2 protein chains.
Amino acid sequence: MSTKRVTSHDVARLAGVSRTTVSFVLNNVPGMQISEDTRRRVFEAARQLNYHPDATARRMAAGQTNVIGFVLRQSHEQAFADHFMPQVLSGLSQAASAQGFHTLFEPIPPGDNSGTYLRLINERHADGIVLSGPRSDDEDLLKIRAEGAKVVLLGQLPDSDIPFVDVDNVGGACMATQHLIELGHQRIAMITNAPLAYTASTARLAGYRQALTLSGIQSDDRLVRYGNFTPQSGYTAMNDLLAQELRPTAVFVASDTVALGAVQAIRQVGLRVPEDIALVGFDDIPLAEFMDPPLTTIRLPALGLGFGGADLLIRLISGDEVNLTQIILETQLVVRDSSGANLSIRK
Amino acid sequence: MSTKRVTSHDVARLAGVSRTTVSFVLNNVPGMQISEDTRRRVFEAARQLNYHPDATARRMAAGQTNVIGFVLRQSHEQAFADHFMPQVLSGLSQAASAQGFHTLFEPIPPGDNSGTYLRLINERHADGIVLSGPRSDDEDLLKIRAEGAKVVLLGQLPDSDIPFVDVDNVGGACMATQHLIELGHQRIAMITNAPLAYTASTARLAGYRQALTLSGIQSDDRLVRYGNFTPQSGYTAMNDLLAQELRPTAVFVASDTVALGAVQAIRQVGLRVPEDIALVGFDDIPLAEFMDPPLTTIRLPALGLGFGGADLLIRLISGDEVNLTQIILETQLVVRDSSGANLSIRK
DNA sequence: CTGTTAGCGCTTTCAA
DNA sequence: TTGAAAGCGCTAACAG
């Protein structure tokens, strides 16, 4: 602070070599035959002066920032509603730092279409971005792609060749529904996690229908309701379902958070989970395990999503030949009590 | 991508001025009298060429990165266990971007003492850091401070003059306990959020005792148990308390997550919340509202914590005269059903 | 009011 | 095996 910054020049002088040599030694540049003695002197001088190369200058010279941007296009509340995003972020930065990259965290205020994240690329703050919550009406995304920027999406955009990493929503929903079918249920309702404008929502609904079809069960739209991220929406939707003349014996709720409200609604009319109505959730939020009853649900590879996104992006940046740029990660069924699986065993 | 990068030189040429003028115009440097005509020509040229100043070069020349680092010293699981950190991060990046700063997200793998975050400063990746989860045995922290780096802590370090922003844990715990006292309870137990090695834990315990003392209630260590972040720990602790010869009539659990387990334990022995045992939590996690019963708890200014941290740091970086560098933010009592407040009214 | 010029600290080609 | 020198793109002190 008080003293001037130590530069490679200082190190060179102390070691009695040129700055070039310092750079070669400290960066361990391959193909350079430098005498053991020189090498040692350089290291010693650097240590002695407490020298640290200036990242900015290095970027300047290298023409690369070694930074990836993580752009959150969703509202923050929504993004972090389900404990999912922190894990994604964790995986992302893990993968990044493993490859010597840093992570710039860039949430976009909802409704901000002023191209905030374009600047990340245009002004070269980062070498590329991982974009969470892509929307098909995002003009910035098209623009940025057209300019050849490196972008990886977390989640899919229909009919697009943009590289992405996503979770297998269809497969997960199918697995959840099949689990209920295997337990003997025929009249299975579904509550979505969100309105169908969200692709994840559509995909989960598709998985539910797929499972029914595979088992020869007629899917019935009167058994489908739409959630909206919150427990309240689950409560409302479930009440609606319970008012049906022919009540479902099981329900697949495509979000644990929404399921929370659904369970409440079921209880309130004096029915029990899973004895009267079996329930499977989706997401495996940390609290799913501690709900009453503990929730059978679908676990998503959140860490893997972030890790995969960063990894893919960095390979794109590095110019590696990447053969697979659209990746879908498998989900996992976690059986607890709410589906009644343990109940059947007990009998 | 394909074509070479557009530089201020190109803009200057097209506008028929020098690079200096371009810089002055585009940065709107005060005190420069530039003709309206020139100004317009520069803007036009920049627009036409789709010019964007290179952040790296700019940093190089300015000697400042306009980046703050957010360093997470806790384990990720722990950091994000309670929905708190995402909000902090949100507030942080809001404050940062409002002042033209970007946020570098830097989680430290637990047990990593290799000075990973020292490099953030030493190599000038950032102008300063906000450090979450500081520990008194953190040598890197002392070192970095000694070198004059700008650091703001989220949370306190006893007997230190390092700038920090923290939540009023003592006040919050006191408020929670007083709420129970006001409802007529005398025999009030407490379960901490974590072992006492954590300063937040100690502070909350202190607040609990303070409230008792203020009301002339003898505090009794047999009524204090230690949680450990998880519902399980709350379950165990509560069971332990229930086994006492003289059962408490109320319990203050210094973490909503831990409270979840406590409620379970109470239910399991056939008692009701709040009729038999009143309960107040801490943190106001999003699910607190949807627990059964909805949890009375203490809300923390998570967004404000992050915002305040970034704001303070940036003022420190800018060299502003900052008179108050140790900030404590107020908490808020959120009354729901678990404390029995609404119950009393009903009667 | 505008242009010249000298850095910022590093990498890397080319020559010695 | 090592060194000299040319950038990277921008800012800002100083001249004009």
Side-chain angles (χ1 to χ4, degrees), chain A residues 3-43 45-46 49-67 100 119 121-125 127, chain B residues 3-43 45-46 49-67 100 119 121-125 127:
Chain A
T3 92
K4 202 122 190 72
R5 190 176 175 76
V6 177
T7 74
S8 68
H9 197 159
D10 301 321
V11 177
R13 208 171 29 202
L14 181 59
V17 298
S18 78
R19 298 173 60 206
T20 314
T21 308
V22 171
S23 174
F24 285 163
V25 171
L26 261 31
N27 294 333
N28 204 9
V29 176
M32 287 293 134
Q33 310 285 79
I34 294 176
S35 76
E36 244 344 289
D37 184 57
T38 309
R39 204 178 280 278
R40 233 195 38 269
R41 283 212 318 283
V42 171
F43 278 126
L49 295 171
N50 190 26
Y51 168 70
H52 294 278
D54 183 296
T56 306
R58 186 178 249 174
R59 284 177 194 180
M60 183 86 188
Q64 198 184 309
T65 64
N66 273 37
V67 167
R119 298 184 36 199
I121 296 293
N122 283 332
E123 301 180 356
R124 269 231 205 350
H125 285 100
D127 296 329
Chain B
T3 90
K4 203 125 191 67
R5 188 174 176 77
V6 177
T7 74
S8 68
H9 197 160
D10 300 321
V11 177
R13 208 171 30 203
L14 181 60
V17 298
S18 79
R19 298 174 60 208
T20 311
T21 308
V22 172
S23 174
F24 284 162
V25 171
L26 260 32
N27 294 333
N28 203 9
V29 175
M32 287 294 134
Q33 310 286 78
I34 294 175
S35 74
E36 245 342 290
D37 184 57
T38 309
R39 203 177 280 278
R40 233 193 41 269
R41 283 214 316 284
V42 171
F43 278 126
L49 295 172
N50 191 25
Y51 168 71
H52 294 277
D54 183 296
T56 305
R58 186 178 249 176
R59 284 178 194 179
M60 184 85 187
Q64 195 185 309
T65 64
N66 273 37
V67 167
R119 298 183 36 198
I121 296 293
N122 283 331
E123 301 181 356
R124 271 234 214 327
H125 285 100
D127 297 329

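So you know, we letter chains A, B, ... as the sequences are listed, proteins then strands, and number each from 1. Since the structure is predicted, the reported quantities are computational estimates derived from the model, not experimental observations.
The phosphate of D:dG9 (OP1 or OP2) has no side-chain N or O of B:Arg58 nearer than 4.0 angstrom. Contact annotation: A:Ser18 does not reach the phosphate of D:dA4 (side-chain N/O to OP1 or OP2, under 4.0 Å). In this structure, A:Thr38 does not reach the D:dT1 phosphate: none of its side-chain N or O atoms is under 4.0 Å from OP1 or OP2.
Although no hydrogens or angles enter the test, the distance criterion places no donor-acceptor pair under 3.5 Å between the side chain of A:Thr56 and the main chain of B:Met60.
Of the residues near DNA chain C, A:Ala62 and B:Ala57, the one whose nearest nucleotide (by heavy atom distance) lies more toward the 5' end is B:Ala57. Annotation: of the two residues near DNA chain C, A:Phe24 and B:Ala61, the 5′-most nearest-nucleotide partner is B:Ala61.
Considering only side-chain atoms of A:Val17, the nucleotide from C:dT11, D:dG3, C:dG3 that sits closest is D:dG3.
Across the protein-nucleic acid pair, B:Arg39 atom CZ and C:dT2 atom P stand 9 Å apart, rounded to whole Å. Atom CE of A:Met60 and atom C1' of D:dG7 are 9 Å apart (whole Å). Atoms NE2 (B:His9) and P (C:dT4) sit 10 Å apart, rounded to a whole Å. Straight-line distance from the CD atom of B:Gln64 to the C1' atom of C:dG7: 18 Å, rounded to whole Å. Taking atom CG of A:Leu26 as the reference point, atom P of C:dG9 lies 16 Å away to the nearest angstrom.
In this structure, OG in B:Ser8 is found 14.0 Å from NE2 in B:His52, a value given to the nearest 0.5 Å.
Counting any heavy atom pair closer than 4.0 Å across all strands shown, B:Thr56 reaches no nucleic acid atom. Heavy atoms of B:Thr20 sit under 4.0 angstrom from at least one base atom. Nucleic acid contact for B:Thr7: sugar-phosphate only, since backbone atoms but no base atoms lie under 4.0 Å from a heavy atom of the residue.
The 12-atom threshold is not exceeded at CZ of A:Arg119, counting heavy atoms of other residues, nucleotides or ligands nearer than 6.0 Å.
B:Ser23 and B:Thr20 share no side-chain donor-acceptor pair at under 3.5 Å.
Here B:Asp54 does not pair with B:Arg58 in a salt bridge; the nearest charged N to carboxylate O distance is not below 4.0 Å.
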